[in-house]
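Remarks on the structure that follows.
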Amino acid sequence: NLQGSEGKAFFKEKKRSAGYARDRMKLLLISERIDCSPQMMKMLRNDMIHTVKKYLTIDEEQVKIQITQEPAVLHAYIPVLNKKDNRLVSSQFYNFRLIIFLLAISLIGVTLVGTAASDLRSKQFAGVILGLIVMLILSLLDYSWIMNFQWIMYGFNIVMLLAVRFFGSSANGAARWVDLGFIRFQPTELSKIIIILFFAKFFMDHEETLNTLKTLALSGVLLAVPLFLILEQPDLKNTITVVVIFCIMIYIAGLSYKIIGGALLIAVPLTIIFLSIVVQPDQKLLKDYQRSRIMSFLYPENEEYSDDIEQQNNSKTAIASGELVGKKLSGDNSTTSVNQGNFVAENQTDFIFAVAGEEYGFIGCVIIVLLLLAIAFECIRMSLRAKDLSGKVLCCGIGGLIALQSFINICVATGLAPNTGTPLPFVSYGLTSLVSLYIGMGLVLNVGLQSSTYNKEIIQKEIDRREDYL
């Protein structure tokens with residue numbers, strides 16, 4: 001019985017520590033073997049004091065314990081004087097390696113954006129600084145506490161996407177931005193992070209009933225609302241991205257293989273039917289520009305789609321011209337620069353990988369790919385250390401988002417996929433995308449700080465102390 005307002009906070013905020021203390025007491029409170037000798041009572045009292053005072057300032061002299069036989073219950077009176085800082089934070093469990101990877105890829109991004117459009121270098125650098133600040137702040141906030149506001153975040157997400165629909169400004173034939181006067185904000189980028197956060201908590205709350213029709217239907221409806229608003233912008237690439245990330249997350253949460261098999265039996269034929277309809281000239285499923293991009297990829301030799309495929313051909317030419325070390329490092333100016341000659345449109349965003357290939361060659365491209373792969377791998381590694389299912393799903397969702405967007409962007413730049421307009425994470429110009437990804441990284445870092453490995457170390461220290469008493 002912890003007395004005072006701080007005592008209530010102890011049990012509310014330190015459920016894991018309280019649970020651990022109860023487990024330890026069970027070893028000594030087996031009803032038929034209770035030893036109520038003064039020596040045992042003193043050991044129990046000391047054990048309780050040393051367990052609690054790690055997190056709270058207590059009056060040790062006034063601590064009293066009492067055991068009742070039927071039922072076998074240990075009662076403890078522990079006066080609380082002042083609450084200590086109970087955050088389990090240790091630099092040993094802060095993933096500095098991930099931060100180094102992020103700094104490296106971000107600085108490469110600033111350099112490449114400056115090469116593609118020198119007037120955007122300072123803006124990209126400011127975005128990196130802002131993103132790092134947001135990331136560091138979020139990394140010190142308990143992600144479990146943040147997830148308690150899942151429905152507020154979900155509602156805010158819907159409001160953002162509705163604002164795009166009714167007040168959004170258009171660019172390149174799509175209304176995906178909200179003009180705030182001093183900055184243009186693309187809500188869809190932040191929406192992807194919010195969706196990952198929301199469903200990480202949702203799947204943990206419904207872990208036991210995940211494979212029931214009710215939970216699957218509810219999750220489908222909750223996904224469909226933001227998905228419809230994104231699709232209506234129109235933004236097909238992010239619609240597909242969100243669906244794929246959702247599939248990754250629900251698989252990690254424990255979706256049954258029977259359901260996965262059934263879904264594939266439905267999805268594969270539907271995909272074939274969809275593609276067969278899309279290639280028809282009078283189809284109504286896609287916008288004309290979306291169909292043209294797909295057709296130019298399927299039939300690149302067709303003159304009708306030469307304008308759509310030209311940009312990707314120029315991108316491949318730029319990458320190939322960089323050879324091993326690139327024109328920047330080799331000082332080769334004998335050939336015309338494809339990027340500086342404006343042969344590749346949007347080279348600071350969608351085709352930033354072409355800039356990397358031309359300026360820094362094969363080596364520069366490999367470094368970018370390895371850094372992005374390392375960041376995605378670190379996210380997965382953090383998921384294995386998560387203290388609960390929500391942390392695991394969260395890390396896999398963020399890691400999957402980075403890996404998927406990187407894969408699509410590079411495939412587009414090298415002609416292995418139709419043009420989608422997907423940015424390269426941490427490299428392409430775009431402050432909304434950059435800061436949103438850093439928000440995700442801050443949450444992943446906090447999962448590491450809240451890791452089960454760290455909590456196991458705390459438990460082991462307490463066990464070692466108890467052994468010293470005995």
Side-chain angles (χ1 to χ4, degrees), residues 95-118 120-122 124-125 127-128 131-132 311-381 399-417 419-430 433-434 437-438 441:
N95 195 337
F96 290 104
R97 180 166 49 193
L98 177 57
I99 293 179
I100 292 173
F101 292 152
L102 291 170
L103 286 174
I105 194 69
S106 297
L107 291 176
I108 290 174
V110 172
T111 302
L112 294 177
V113 169
T115 301
S118 58
L120 298 178
R121 180 186 283 111
S122 58
Q124 183 76 355
F125 184 73
V128 171
L132 286 170
Q311 191 167 216
Q312 286 182 285
N313 288 336
N314 290 338
S315 172
K316 290 187 287 184
T317 301
I319 295 173
S321 67
E323 298 181 343
L324 182 62
V325 296
K327 296 178 180 179
K328 179 76 73 174
L329 299 178
S330 65
D332 181 14
N333 297 316
S334 59
T335 58
T336 304
S337 172
V338 177
N339 289 295
Q340 294 179 5
N342 294 322
F343 294 107
V344 179
E346 305 295 337
N347 60 346
Q348 78 277 11
T349 54
D350 305 345
F351 287 91
I352 195 71
F353 195 74
V355 180
E358 182 176 72
E359 297 296 322
Y360 299 98
F362 176 77
I363 293 177
C365 290
V366 169
I367 291 174
I368 291 175
V369 171
L370 289 178
L371 283 173
L372 291 170
L373 183 63
I375 292 171
F377 176 79
E378 285 298 315
C379 291
I380 296 173
R381 193 171 70 88
L401 176 63
I402 292 171
L404 180 62
Q405 290 195 175
S406 300
F407 177 78
I408 294 175
N409 179 277
I410 295 173
C411 283
V412 169
T414 53
L416 297 177
N419 192 357
T420 60
T422 301
L424 189 61
F426 304 105
V427 181
S428 293
Y429 175 74
S433 174
L434 184 62
L437 288 171
Y438 269 114
M441 288 296 100

Open item on the list: Can you list everything that forms a side-chain contact (heavy atoms from CB on, under 4.5 Å) with Ile363? Sequence neighbours excluded, please.
Closed with: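 Testing Ile363 for side-chain contact (heavy atoms from CB on, under 4.5 Å), a comparison that skips the adjacent residues, returns Leu324, Val325, Ile367.
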Task: Derivation and outcome, side chain to side chain contact (heavy atoms under 4.5 Å, CB included), residues Val427 and Asn409 - done: CA-CA 11 Å; Val427 181; Asn409 179 277; over 6 Å; no
Euclidean distance, [Y] [atom2] relative to [X] [atom1], rounded to 0.5 Å:
X	Y	atom1	atom2	result
Thr317	Glu358	OG1	CD	9.5 Å
Ile105	Leu107	CD1	CG	9.5 Å
Ile352	Leu424	CD1	CG	8.0 Å

Task: Polar side chain donor-acceptor pair, Tyr438 to Ser106, under 3.5 angstrom - done: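 Distance-only check passes for Tyr438 and Ser106.
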Open item on the list: By the side-chain hydrogen bond (donor to acceptor under 3.5 Å, both in side chains) test, which pairs, at least two apart or in different chains, include something from residues 371-381?
Closed with: Asn95-Glu378, Arg97-Glu378, Glu378-Arg381
Open item on the list: Under the side-chain hydrogen bond (donor to acceptor under 3.5 Å, both in side chains) definition, can you give me all pairs with a residue in residues 366-377, not counting sequence neighbours?
Closed with: none
Of all heavy-atom pairs between [X] and [Y], which one has the smallest distance, and what is that distance?
X	Y	answer
Phe426	Leu434	CA-CD1, 3.8 Å
Leu372	Pro425	CD2-O, 3.6 Å
Cys379	Met441	SG-CE, 3.5 Å
Leu112	Val355	O-CG1, 4.0 Å
Cys365	Ala356	SG-C, 4.2 Å
Ile375	Phe101	CG1-CB, 3.8 Å

Flag the pair [X] / [Y] as yes when at least one side-chain heavy-atom distance between them is below 4.5 Å, and no otherwise.
X	Y	answer
Val412	Phe351	yes
Thr422	Leu404	no
Lys316	Asn313	yes

Open item on the list: As a quick check of understanding, evaluate side chain to side chain contact (heavy atoms under 4.5 Å, CB included) for Leu103 and Leu132, giving each step before the final call.
Closed with: CA-CA 9 Å; Leu103 286 174; Leu132 286 170; 3.5 Å; yes
Task: Worked check of side chain to side chain contact (heavy atoms under 4.5 Å, CB included) between Tyr360 and Thr111 - done: CA-CA 11 Å; Tyr360 299 98; Thr111 302; 3.4 Å; yes
- [ ] Ignoring hydrogens and angles, tell me if any N or O in the side chain of Gln348 forms a donor-acceptor pair with the backbone of Thr115 under 3.5 Å.
- [x]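 No; judged by distance alone, with no hydrogens or angles, the pair does not exist.
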